[in-house]
Amino acid sequence: MRSELIEPPVQLRELTYAEAAREALAQAMEADERVFLFGEDVGVYGGAFGVSGDLVHRFGKDRVIDTPISELGIAGAAVGAAITGMRPVLEIQFSDFVTLAMEQLVNQAAKIHFMFGGKASVPMVVRLPGGSGTGAAAQHSQSLEAWFAHVPGLKVLQPSTPHDAKGMLLAAIDDPNPVLIFEHKLLYKTKGHVPEEAYRVPIGQAAIRREGTDITIVGSSIMALKAQAAAARLAEEGISAEVIDLRSIRPIDFTTIAESVRKTHRLMVVYEGVKTMGIGAEISAMIAESEVFDFLDAPIIRLGGADAPIPYNPVLEKAAVPQEDDIVAAAQNLIRRGEA
Amino acid sequence: MPVEVILPKVDMDMESGTIEAWHVKEGDHVRQGDTIFEIGTNKAVMEVEAPATGAIRRIRTETGVAITVGTPVAWIYLEGEASDTPVADSSPARESAPAPNSAAPADALPARSVSSTAPASAGLRATPLARRIARLNGLDLMTIKGSGPRGRISESDVSSALTLRDAAKNAAADTSVVKVPLPRGEMAAQGTLKPFSAIRRIVASRLSESMRTAPHFYLTSEIEMGAARDLLRRLSTRHERLSLPKPSLTVLIARIVAGVLRDHPLINASAEGEATRLHERIDIGIAMEREGDLVVPVLRNAGGMDMLTMTSEFARLREGVAKRSLTPAELGGGSFTISNLGMYGVDSFTAIINPPQSAILAIGRTVDKPVGRDGQIVLRPMASFTLSSDHRIVDGVTAARFMADLREALEYPEVLL
């Protein structure tokens with residue numbers, strides 16, 4: 001019997017998603033004095049979801065700024081700061097409030113670089129806590145990433161793990177384009193391994209979280225986690241699901257999805273945003289019009305949010321968005337009966 | 001669906017006959033029992049009756065030409081059928097093996113003989129992948145039954161049809177069994193004439209082909225089974241403790257063979273034209289019988305199974321054979337086959353290779369026999385193992401080496417660890 005050298009276990013450094021985002025902000029601000037953070041309650045209060053935490057004490061009120069309650073105003077301020085050489089990171093307290101900032105984000109931030117013939121760019125980052133599951137009801141629970149994925153000139157990200165929360169935020173701050181990051185509220189307390197150094201997760205790159213052969217399940221944000229849990233259950237009954245975490249909504253990593261579907265012949269897209277006209281619709285169409293069409297052996301299935309404002313009642317709130325059980329059932333049906 | 005009129009076998013040794021004269025012409029209405037043509041054998045000329053009532057069409061008009069017995073020479077279109085109603089195709093793509101005896105063809109769905117590049121007819125549902133695979137393999141989607149919703153054909157349906165087509169490639173052309181009325185006059189055949197069922201036809205043609213094309217040679221080893229029996233006993237105890245089905249000797253042998261085959265790729269190979277296909281996986285077919293028919297379900301990836309898995313999988317396959325619930329994919333495509341007739345008291349036998357595999361192992365019964373050990377005559381449980389090999393792929397020494405390793409593995413199973 002050969003003796004083997006057993007390495008002592010590596011100490012995994014676990015941070016919560018919120019802590020990971022905070023670390024990204026701190027490291028970015030330490031490295032680059034142009035980076036600053038602002039939004040409602042990000043300073044003294046530490047952020048509505050605790051992301052900014054003690055940053056105001058570490059970097060001062062000039063770099064961690066509490067703003068008035070005016071999304072249009074602060075979005076405009078971010079655009080202005082970005083064009084004049086700063087690297088602002090704006091926090092919109094609930095993603096639902098972004099409606100008030102649409103003019104600045106869609107008509108200004110997204111278009112300035114193009115309309116000025118490249119003479120100006122808008123290197124701003126907007127972080128938006130979104131999603132349902134906290135009983136915050138219709139105006140505080142939406143998933144609006146699809147709206148912005150529809151706007152040329154913007155980038156839209158949805159990290160699902162603490163590791164990605166830090167890496168993608170740092171990549172976003174580096175990016176000379178306006179980048180929106182939709183962080184799911186229920187993810188803030190989730191824990192995961194986060195390396196200490198300042199690393200970047202490339203924008204526009206999906207992650208294969210689980211390899212499989214029978215069906216490709218594409219999910220974003222918290223749905224990527226539900227899809228992985230569903231895949232583990234499906235494996236017990238002999239269904240091998242490949243799970244892709246989108247991470248980047250605009251641009252979408254189409255190549256990774258296409259290669260996967262080519263292999264598995266079945267596609268399911270799971271997202272929390274309203275199903276109709278959502279990111280699942282886009283991905284389904286991208287596959288259907290590509291050369292991977294010839295490799296489909298079943299209809300493409302979308303699981304998305306219900307066509308209704310998110311309810312307040314907790315049972316109805318859960319029923320309004322895809323859950324792990326729904327993913328399992330849909331995959332079983334698709335494979336056994338050829339339809340959802 | 002139109003009824004076939006075949007050239008009947010009216011004589012015991014008849015392989016072909018000639019149509020001497022037609023009594024009807026294209027489109028005539030015939031009644032069941034009417035004489036429609038005269039058949040000539042080397043002994044006599046006889047009249048053949050119509051097997052059904054309807055319009056007789058697509059008459060094969062050549063007279064005096066030798067036609068193989070069983071070949072369709074006309075079709076009778078029943079009332080209401082248009083002249084372009086599709087007729088039964090010679091490929092049994094619609095039926096899934098094992099098919100019930102003779103009842104199947106009447107229910108077999110018609111196939112249009114269109115080229116595989118023709119556009120799908122309106123209403124045909126097939127997934128893009130199914131269409132692609134059908135197109136690449138020259139399969140007509142119209143001949144495939146879809147198992148998906150609203151009859152949608154998916155990749156698994158096409159794959160099954162492909163497996164079937166390849167399995168039946170050498171099957172006789174005629175798959176429908178129409179009751180052939182005895183010709184008038186002499187020659188009432190004695191006994192009962194039992195036409196081949198679909199399975200029998202397939203088995204007959206495959207094994208005939210195997211004997212015809214593969215030069216078989218046989219190696220026999222008498223192997224001492226004491227260790228294997230002990231191992232089986234211990235395994236049975238273990239399985240019982242785990243409330244699992246107990247392994248049979250056949251399963252244990254299959255497991256051991258799978259282990260030995262790892263080092264003998266040519267014995268786990270298949271003939272493909274003028275080449276040898278070396279298989280990556282070891283898939284062992286186990287010959288079984290159901291109602292007088294030979295069925296060979298496959299233990300897929302036997303090389304990667306432990307005894308627990310293999311025992312339950314074997315039990316599942318056996319149940320599937322009995323219930324006729326196995327899919328064509330589970331019944332074909334093995335890389336090696338074993339056949340155990342020991343339980344019937346057969347001492348030894350030579351098996352016919354399951355084409356296109358390169359070898360097959362025949363196992364006889366275990367019997368206490370006197371053998372010489374250390375200068376003494378002692379009784380040991382001995383069983384006869386005969387390997388039939390295809391000499392195109394396997395030479396004597398190759399086969400002998402496999403048998404030597406098989407003996408060692410059966411007599412000392414620990415060598416496989």
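Protein chains get the first letters and strands the later ones, always in sequence-line order, with residue 1 at the start of each.
A side chain to side chain donor-acceptor pair (under 3.5 Å) with A:D245 holds for exactly one of A:Q158, A:Q228, A:R209; it is A:R209. Checked against B:I282 for a side chain to side chain contact (heavy atoms under 4.5 Å, CB included), the options B:L261, B:V260, B:L299, B:V257 give a single hit: B:L261.
Other residues, nucleotides and ligands contribute only 12 or fewer heavy atoms inside 6.0 Å of the CD atom of A:E211. The 12-atom threshold is not exceeded at CE of A:M277, counting heavy atoms of other residues, nucleotides or ligands nearer than 6.0 Å.
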If the cut-off is 3.5 angstrom, what donor-acceptor pairs do you find between chain A and chain B?
from   : atom 1 : to     : atom 2 : distance (Å)
A:D294 : O      : B:L129 : N      : 3.3
A:L296 : O      : B:L129 : N      : 2.9
A:D297 : OD1    : B:T127 : OG1    : 2.6
A:D297 : OD1    : B:E155 : N      : 2.7
A:D297 : OD2    : B:E155 : N      : 3.3
A:G338 : O      : B:R152 : NH1    : 2.7
A:G338 : O      : B:R152 : NH2    : 3.2
A:E339 : OE1    : B:R150 : NH2    : 3.3

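In terms of modelled atom types and a separation under 3.5 Å, the side chain of A:D164 and the main chain of A:T161 share no donor-acceptor contact.
Salt bridge A:D253/A:R247: absent, no basic N to carboxylate O contact under 4.0 Å.
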